[in-house]
Amino acid sequence: MATSVKNNSLPPSLISNLNQVLLSRQQHTIDHQSTNSSSLPSHSRNVDEPDCSKPLLLITNCEGIDSPGLIFLVQALLSDARFTLHVCAPQSDKSVAGHSLTVQETVAVCLVEMSSATAFEVSGTPVDCVSLALSGALFSWSKPVLVISGINRGSSCGRNMFYSGAVAAAREALICGVPSLCLSFDWKKDVSGESDLKNAADLCLPLISAAVRDIERGKFPESCLLNIEIPSSPLANKGFKLTRQSLWRSPLSWKAVSANRHPAAGQYLSNQKSLGIKLAQLSRDASAAGAARRLNSHRKNVEIESVGIAGKFNGQQTAKKYFRLELLEETEKADDNLDFKAVEDGYVAVTPLSLSSTDQSKIETEVSSWISAALGREQRN
């Protein structure tokens, strides 16, 4: 027996009720999605959605993401309101890491709160931070307009540049094809304070703004990074001065110390952020030491403080020596146009650093012309 379509149709009243239920459910779903979206932290929603209307800057440093110099720089740039900021900095102090990369080990990355900037802390070196940020694995953007390393406390002048993790971070950006600045402050022990770092950040804003503007116009000097050294009295500076890299470095002083390899262990509690990592490292060290003792239980370990008092040992004894390196603050006489001498004289030293020494003279001429023109325009604006 055939059944008509009309007999299979649902009553109009039931269809109306079903439509209302469906519309209600759709509205509930939309409201639920909207609520969930608004409950997310702002930085979680915007990690992959930078504000394309403003130039994007990547900020890093060598002293760690909690260092005052980096925080004051980020605050100064945010208050300027002309830039979008992303931060990728070491979790702890890596000041003398040089141009080292973490290879065949896992690097941990954690999102952190830092005003309205998108910020990550990285367990690796400053070069790790820049390399990771520019790789595309962490951020969705292809590359920033400018990479800034700083503000770092201590000198990166002369041969200190070869040890400096701050300079290495800026150099890594240059290797990746992104213009970069390294900002260092001539910190004087027992003299300098955090207010000086804030003043240093404000002092650098015109140069940063000029650099970003001319990068976008294709007028910024290519094939070099600018290593900028700020004098210990930023407000009393004598102006920006083009300088050359000197041969000076902080004198190194190796001293024999006692058998306590971790004299600063009592200070661990002052740094709650890295306590777990440091304790884990100590645990690994202790485990390794215990294994070594078991393997060498037939040996007698003799701890000494220097070779001079070591004496002679028989084959059943192993001499242990402990030394600690200190960087001294001695300086020397030098030409006025060299980096550290200009900083001593109260100038903001701007030293162009190239990946190749063959073009150094040409680069110095280009940077000299750019500084004069760029800062002149910035002051007029």
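As the structure is a computational prediction, the values presented were derived from the model and not from experiment. Atoms considered below: every heavy atom in the structure, side chains included; atoms not considered: hydrogens, waters and symmetry mates.
- Under the 4.5 Å side-chain heavy-atom criterion for Ile, Leu, Val, Met, Phe, Trp and Tyr, Phe83 and Leu146 are members of the same hydrophobic cluster.
- The distance from atom CG of Leu101 to atom CD of Glu172, rounded to the nearest 0.5 Å, is 6.0 Å.
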Using distance only, find each side-chain donor-acceptor pair of residues 224-236 under 3.5 Å and give its atom names and separation, not counting sequence neighbours.
from, atom 1, to, atom 2, distance (Å)
Asn227, ND2, Ser156, O, 3.3
Glu229, OE2, Ser156, N, 2.9
Glu229, OE2, Cys157, N, 3.4

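- Salt-bridge annotation for Glu364 and Arg244: absent, with no side-chain N of the basic residue lying under 4.0 Å from a carboxylate O of the acidic one.
- One hydrophobic cluster holds both Ile148 and Phe220 under the rule that ILVMFWY side chains link at heavy-atom gaps under 4.5 Å.
- Ring-plane geometry between Phe185 and Trp187 is classed as perpendicular, the angle between the planes exceeding 60 degrees on a 0 to 90 degree scale with a lower cut at 30.
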Step by step, would you call Arg171 with Leu355 a side chain to side chain contact (heavy atoms under 4.5 Å, CB included)? CA-CA 8 Å; Arg171 187 188 301 116; Leu355 298 178; 3.7 Å; yes

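- Two residues are said to be in side-chain contact when any heavy atoms from C-beta on lie closer than 4.5 Å; Leu77 and Ile59 meet this criterion.
- When all heavy atoms are compared, the tightest approach of Val257 to Phe323 is CG2-N, 4.0 Å.
- In this structure, Val348 is not a member of the same hydrophobic cluster as Leu353, with clusters built from ILVMFWY side-chain heavy atoms closer than 4.5 Å.
- Annotation: Lys241, atom NZ; neighbour count of heavy atoms from other residues, nucleotides and ligands within 6.0 Å is above 12.
- Contact annotation: the side chain of Cys88 approaches that of Leu138 to within less than 4.5 Å [non-hydrogen atoms, C-beta and beyond].
- Between Leu203 and Asn199, every side-chain heavy-atom pair lies at or beyond the 4.5 Å cut-off.
- The cluster map of Ile, Leu, Val, Met, Phe, Trp and Tyr, joined by side-chain heavy atoms under 4.5 Å apart, puts Leu174 and Val350 in different clusters.
- Residues Phe120 and Cys129 are not in side-chain contact: their nearest non-hydrogen atoms beyond the backbone lie 4.5 Å or more apart.
- Between the side chains of Asp128 and Ser131, not a single donor N or O lies within less than 3.5 Å of an accepting N or O.
- The structure places CD of Gln75 at 10.0 Å from CG of Leu73, a figure rounded to the nearest 0.5 Å.
- Closest approach of Leu181 and Ala170 over heavy atoms only: O-CB, 4.1 Å.
- Ring-plane geometry between Trp141 and His86 is classed as tilted, the angle between the planes lying from 30 to 60 degrees on a 0 to 90 degree scale.
- Counting all heavy atoms, side chain and backbone alike, Lys238 lies closest to Tyr347 at CB-CE2, 3.6 Å.
- Between Ile151 and Ala200, the shortest heavy-atom distance links the atoms CD1-C, 3.9 Å.
- By the side-chain contact (heavy atoms from CB on, under 4.5 Å) test, Ala76 is found to be paired with Ala201, Asp202, Leu205, residues two or more places apart in sequence or in another chain being considered.
- The residue from Asp66, Thr60, Val122 that alone fulfils the side-chain contact (heavy atoms from CB on, under 4.5 Å) condition with Pro90 is Thr60.
- Proximity of a side-chain donor or acceptor of Glu63 to a complementary backbone N or O of Arg153 within less than 3.5 Å is detected.
- Minimum interatomic distance between Val127 and Ala169 (heavy atoms only, all atoms of both residues): CG2-N, 4.2 Å.
- Qualifying side-chain contact (heavy atoms from CB on, under 4.5 Å) partners for Ser135, counting only residues two or more places apart in sequence or in other chains: Leu132, Ala137.
- Under the 3.5 Å distance criterion, with hydrogens and angles disregarded, no donor-acceptor pair is assigned to the side chains of Ser354 and Ser223.
- Under the 3.5 Å distance criterion, the side-chain polar atoms of Asn61 are matched with a main-chain donor or acceptor of Gly64.
- His99 is listed as a side-chain neighbour of Ile175, based on a closest heavy-atom distance under 4.5 Å.
- Rounded to the nearest 0.5 Å, atoms CD1 (Ile65) and OG (Ser92) are 11.5 Å apart.
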Might you work through the side chain to side chain contact (heavy atoms under 4.5 Å, CB included) test for Met114 and Leu70, ending with a clear yes or no? CA-CA 11 Å; Met114 186 174 288; Leu70 183 143; 3.7 Å; yes

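- In this structure the side chain of Leu242 reaches within 4.5 angstrom of the side chain of Pro352, judged on heavy atoms.
- Annotation for Glu222: atom CD does not count as buried by contact number, only 12 or fewer foreign heavy atoms lying within 6.0 Å.
- Contact check for Ile208 versus Leu183: side-chain heavy atoms found under the 4.5 Å cut-off.
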For a side chain to side chain contact (heavy atoms under 4.5 Å, CB included) check, start with the C-alpha distance between Cys176 and Lys143, then their side-chain angles and the critical distance, and finish with the verdict. CA-CA 9 Å; Cys176 295; Lys143 66 178 182 179; over 6 Å; no

Should Glu366 and Lys362 be marked as a side chain to side chain contact (heavy atoms under 4.5 Å, CB included) after you check the CA-CA gap, both sets of side-chain angles, and the distance that decides it? CA-CA 6 Å; Glu366 290 179 357; Lys362 178 182 177 183; 3.3 Å; yes

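- Distance alone, capped at 3.5 Å, places no donor-acceptor pair between the Ser115 side chain and the Ala117 backbone.
- In this structure, Ala173 and Val130 approach most closely via the heavy-atom pair N-CG1, 3.8 Å.
- Taken to the nearest 0.5 Å, the NZ atom of Lys54 stands 9.0 Å off from the CG atom of Leu85.
- The distance from atom OG of Ser100 to atom NZ of Lys94, rounded to the nearest 0.5 Å, is 8.0 Å.
- Under the 4.5 Å side-chain criterion, counting only non-hydrogen atoms from C-beta, Leu134 is in contact with Pro144.
- Asp93 places a side-chain N or O within donor-acceptor distance of the main-chain N or O of Ser95, the cut-off being under 3.5 Å.
- The closest donor-acceptor contact from the side chain of Asn152 to the backbone of Cys62 lies under 3.5 Å.
- For the atom pair CG of Leu78 and OG1 of Thr84, the computed distance is 9.5 Å after rounding to the nearest 0.5 Å.
- Put simply, Leu111 and Val109 are part of the same group of oily side chains (I, L, V, M, F, W, Y) that touch within less than 4.5 Å, one to the next.
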